[in-house]
Amino acid sequence: MQELIQQCKENNLQAQAKVYQLFSGKLFALSLKYSRNRMDAEDVLQDSFIQVFQKIHQYKNKGSFEGWLKRIVINTALQKYREKSPLQLVKEEQDIENEEGLVLDIDEEKIDISDLLQLIQELPDRYRLVFNLYVLDNFSHKEIAKMLEISVGTSKSNLSRARLILKKKVENYHQIQEKA
Amino acid sequence: MIEDKNIDRLFQEKLKDMEVAPDPKVWLAIEDKLQKKKRRALPIWWFSSGVAATLVLGLIFFSNEFKKDKKEENFPVITEQNVKNKTKLKNNKEDNKSISIENEIVIKEEKNKFKNDSKKVLKKGNEGIIIASKNKRLLISNEKDKKVKNSEKNIVKGIVNSDKIADKNNLNHQSKSKRNEVVLKDFTLIDGKIAEKEKAKRSEEVIVKGTSSDNIALNKKSNLLEKQENKKDFIAEINKTKEVKKEESKQDKKWAISPVFGVLQSNSFTEASALDATLNSNSVSGENSYSYGVDLVYKLNSNWSIKSGIQLQKTAFVTKDITFTSSAIIVASGLDNVQYTSSNGGASSSDFDQLNSGNELELDLEQGDIQQSYGYLEIPLEIKYTFFKSNTLKTSLISGFSSLFLTENTIVGESANFGGNIGEANNLNSINFSGNLGIDVDFMLTKRLNLNINPMFKTQLNTFSKNSNGFKPYILGVYTGIRYEF
């Protein structure tokens, strides 16, 4: 791996292709979760890899390479939706939902991964980003607030809204599945 | 089986190890961009190093050439003459000691002596341009002005006389000839005809006093011959000096000055916004701007010149499709590279959160543009190589660099109902440089006046201190002016 990274630093196209081949599957999945749709996710992935190869000399072998790659994908996605939504004025609720409300009553085996992914993608941009960052990538509200340049309160309310929306959607989905 | 599950855990577990193969076209696009970057990186690097190399080589080359020219023009002639004169003078001294008082020989000797002396006058003149030109004036005016001619004859007389005496009287010889030298020196250095006349008269008096009556008749004879010879010599010398003067006047026009005005088109190598990375997807375009100032050209030789000057240069970029409110600009989180002025206070992230939380939902929103302008005081230092020259046209290649001192830095917002200063960029370096390359065309209007047209390409090298977002500005400009050579 070290050797491959070194070759990438020397702008070796074959090594770059190898890195892409190794990580594009995982990173595309990550990109899909943060993006509105497949097309956006491809854009994010593409921009991310270009950044990866441009900035690879900044990677000093501290921490996992995969972690470093993921961080770049996340940042690229954040940048994309921060810039695309300058005026998404969505009324936000400050009250955090009761944890009880988040308990689902479904058969998770019956839920398709791609459907679950679609549910996330359908969330408003900010909710989707906060949900991803907090729930799937384990960032704290403080970190999210900094990354998205919002307040901690906004981050928390965004998360609770996202959870509520997702819960409703999952339940609807479940009902449809049951009927089918 | 249905079981209660926290929504977070559902997504975490389901999506944890998800892998999705992207479309192959994604890699093709990445590959394409990576290769483009490689291709583009080289020419820019080559270009800037090329400019530097040209500059250094040019300086070395024509500083040598310049030195060589100088040597060829002035020194060899003088040194030869000096050597000749020295040896002749030596001969004269020796001869003077040994020879008898035979007239013919004396006259010959004196002729030589005079030749040497007159050459010495001119030679001395050559040593310094100012003195030379004075001598020329004197010599030329001598030819025309009878009065001055007389004084010239007097000097000739004086020389002959004093030397004749010296032949008879060795004791006097040194002092007299010294006096003559003094006279000659005076003659060369005197500024103005009147002073020259006076000196000449005085020298005549001194010399005549010292002349013994025995020699007067002899002197008259020899003087007649002398005069003729001397006249020839002088005419020859005058012709020579005229030629020198002509040559000099040809190369005389070393300097050229010109007021210049340039129309500039600013642009960037990349499609990024210098204001904030979030605006990278917005359309950013360079505006037409202008530059004005004064150019100064110093000619090193017929092909090479150095060009400098001082100019005020303005650059402007417009970022389109920015959303405004009636009183402020709102972008999701404020622009990274903008220092807002307090009066307008562009929306900061906290403002935006307030908006988000629904305090101010009814806003007049409209689309507009942001114009970023910056102005520099530009001091170029360029090398000009003339590769084509005719009677009416002169074409040169220019390469060099400019030092740019930031003088103006504004960001202005404009939409249908709103317009005003938003603030200034906080990431502009106060000192910037640009690499310059262009063609300079001079149309000769008169001998001294040229119409100059000068298309230039200038790429800025040090515009931003941080967060340039890959924004690399360059300028295409057409400069024009009337150049006066002197």
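- The 12-atom threshold is exceeded at NZ of A/Lys9, counting heavy atoms of other residues, nucleotides or ligands nearer than 6.0 Å.
- Put simply, the residue from A/Leu32, A/Ile113, A/Leu30 that forms a side chain to side chain contact (heavy atoms under 4.5 Å, CB included) with B/Leu15 is A/Ile113.
- No more than 12 heavy atoms of other residues, nucleotides or ligands lie within 6.0 Å of NZ in A/Lys26, so this atom counts as exposed by the packing criterion.
- Considering only heavy-atom pairs separated by less than 4.5 Å from chain A, the leading option among B/Gln12, B/Lys25, B/Glu19 is B/Glu19.
- Crowding of A/Gln14 atom CD: a count of heavy atoms from other residues, nucleotides or ligands under 6.0 Å not exceeding 12.
- Note: B/Glu31 CD to A/Leu13 CG = 5.0 Å, rounded to the nearest 0.5 Å.
- Note that the CG atom of B/Asp8 and the OH atom of A/Tyr134 stand 8.0 Å from one another [nearest 0.5 Å].
- Closest approach of B/Asp23 to A/Tyr20, counting heavy atoms only: O-OH, 4.3 Å.
- Heavy atoms closer than 4.5 Å to chain B are found nowhere in A/Ala41, neither backbone nor side chain.
- In this structure, B/Lys14 NZ and A/Leu116 CG are separated by 7.0 Å, a value rounded to the nearest 0.5 Å.
- The heavy-atom pair separating A/Ala29 from B/Met18 by the smallest distance is CB-O, 3.2 Å.
- Counting all heavy atoms, side chain and backbone alike, A/Leu45 lies closest to B/Ile30 at O-CD1, 4.4 Å.
- No donor-acceptor pair closer than 3.5 Å links the side chain of A/Glu42 to the backbone N or O of B/Pro22.
- To the nearest 0.5 Å, the span separating CD1 on B/Ile7 from CG on A/Leu164 amounts to 9.5 Å.
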(message) Does B/Trp27 form a side chain to side chain contact (heavy atoms under 4.5 Å, CB included) with A/Gln16? I'd like the steps, not just the answer.
(response) CA-CA 10 Å; B/Trp27 171 247; A/Gln16 288 168 337; 4.2 Å; yes
